[in-house]
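Notes to accompany the following structure.
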2 protein chains.
Amino acid sequence: MNASRTARERARAELSREIRDEARRQLAVTGADGLSLRAVARELGMVSSALYRYYPSRDDLLTALIIDAYDALGAAAESAAAAVDSADFRGRWRAITTAVREWARAHRYEYALIYGSPVPGYRAPEDTVAPASRVALALVAVLRDAWQAGAVRPAPPERPLSEPLSAQVQTLAAAIAPELPGPVLARALIAWTQLFGMVSFELFGQLVGDVDPSDEFFAHAVDHMADFVGLPAET
Amino acid sequence: MNASRTARERARAELSREIRDEARRQLAVTGADGLSLRAVARELGMVSSALYRYYPSRDDLLTALIIDAYDALGAAAESAAAAVDSADFRGRWRAITTAVREWARAHRYEYALIYGSPVPGYRAPEDTVAPASRVALALVAVLRDAWQAGAVRPAPPERPLSEPLSAQVQTLAAAIAPELPGPVLARALIAWTQLFGMVSFELFGQLVGDVDPSDEFFAHAVDHMADFVGLPAET
DNA sequence: CGAGGGTCAAGAGCACTGCTCTCGAAAACG
DNA sequence: CGTTTTCGAGAGCAGTGCTCTTGACCCTCG
């Protein structure tokens, strides 16, 4: 009885996955608001109403795709970092940032889904925050390791944190990197927003006509940001 | 005959404007893909097909709204900068960046329209590039004035441009700020992407749970970036 | 073994969308 | 005044997300 029950559940899980896969395929060509449940069902040889047994609404399907995308991006960043000598802090930093950019370029609509304008009326459920922070955590991990190795030298000038900001950064530090001093973590936040700002600008066409292709600009900015947070130069 | 001809054209221009206004009003509550031509027409007391005489497609209406948004944002940035003593370079820098952030927060869906994920299948026409660059030009103007006053001291370390990047930056410089050396303009580009990355993260909910509200973080980052590009400290 | 309950795909249908086409009225022009 | 252009109204097409009902299947328990 257990076996048969799992057989059913396995079929269900399988179909859920096939739906997501087909949806992702359509996403890749038509973009987020071109995603049509009917088209997905049609491609899978079923009728649209049947699909609602697996994802109760279009938003639920999108949420599943969003989580998948965050996870794929996070995994790409983490494995890229793991492929570098762990003592080569700048190398790890570069690996993560270029992995993010390359994943984004290879999956532009999935990237737009998670880092573009949120679908109005749609609120990200709790399930998304953990996978969403993987990239940030990977970057912070590099900085933390470098800090513990005594290798962090933030670029001048120093800029003390205001009192309220210091408090915010402290609670953030307590959660992810208690060793790091506030000003360093604040610099990491700035570098983090810079990274995604740059990738978004490139993907969303804001850089066209200026620095396009932007490989060189990206590499330059990444190193500038590594200096900024205080990572040591080369290995 | 000329007067009557313009009478018709004036009515046409007026209606075009009313359509855009109503569309913008709907945009503010439902977001970009909630914008419905039929709803706009309904609200204006006309039938949907009549609207197509003014904007031949939904994309054309969106394009008009995009241009309006770029212009409004650019005007906000420019007038904020003009309200500051022109010799107070850092003050102008702060004025522009906070004006951008405040406009974005006050018009989040219009901001999302221009700096969020582009509508798939939609290509920005030529008409958008000029208004789109107003903010960037305002920032560069500050930097250029500061440079000509001999007041620019980029934060160390120096980081030479690679050859291809230098070429790209040179052609960009030739178009907007011939006096500025390449490395300085490259830093400006980085600060520019950082600014919009930060605003987008705040508006799109990526900062929630970390630094939210982000007024303090924003101000901190803006000053860091002013240091980074080399603007002098206070007046 | 055979009945009852749960699971599922299918189909019809609702309200909505962007967009096209045709038609009649009104305005502009010669 | 007649003609041509401009414009709004209406019907209609193909598509969307989503709901509800119907009938088939399978699993479990009496």
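Proteins come first, then strands; the chains are lettered A, B, ... in the order of their sequence lines, and each starts at number 1.
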Check your understanding: side-chain hydrogen bond (donor to acceptor under 3.5 Å, both in side chains) with A:S162: which residues, sequence neighbours excluded?
Key -> B:E216
Exercise for review: State which residues pass side-chain hydrogen bond (donor to acceptor under 3.5 Å, both in side chains) with A:R17; sequence neighbours excluded, sorted by chain then number.
Suggested key: A:D21
Point to revise | Contact list for residues 65-77 of chain A, test salt bridge (Lys or Arg N to Asp or Glu O under 4.0 Å), sequence neighbours left out | key: A:R20-A:D68, A:R24-A:D68, A:D71-A:R134
Check your understanding: Which pairs count as salt bridge (Lys or Arg N to Asp or Glu O under 4.0 Å) when at least one residue sits in residues 185-209 of chain B, sequence neighbours excluded?
Key -> B:R101-B:E202, B:R105-B:E202
Contacts under 3.5 angstrom, residues 36-46 of chain A side chains, donor-acceptor by atom type, not counting sequence neighbours:
residue	atom	partner	partner atom	Å
A:S36	OG	A:R38	N	3.3
A:S36	OG	A:A39	N	3.0

Check your understanding: Near DNA chain D, under 4.0 Å by heavy atom, which residues of residues 45-58 of chain B?
Key -> B:M46, B:V47, B:S49, B:A50, B:R53, B:Y54
Check your understanding: What is the distance from CD of B:E43 to P of C:dC16, rounded to the nearest Å?
Key -> 14 Å
Study note, to complete from the structure: A:L44 atom CG is separated from C:dC8 atom P, nearest whole Å, by 15 Å
Review point. Taking the side chain of B:L37 as heavy atoms from C-beta outward, which of D:dC7, C:dT17, C:dC19 is closest to it?
Key: C:dC19
Exercise for review: Look at the side-chain N and O atoms of A:R12 and state whether any lies under 4.0 Å from the OP1 or OP2 oxygen of D:dC26.
Suggested key: no
Review point. Who pairs with A:S79 by side-chain contact (heavy atoms from CB on, under 4.5 Å), at least two apart in sequence or on another chain?
Key: none
Review point. How would you list, by chain and number, every residue that makes a side-chain contact (heavy atoms from CB on, under 4.5 Å) with B:A136, sequence neighbours excluded?
Key: B:W192
Review point. By a strict heavy-atom criterion of less than 4.0 Å, which residues belonging to residues 18-28 of chain B are in contact with DNA chain C?
Key: none
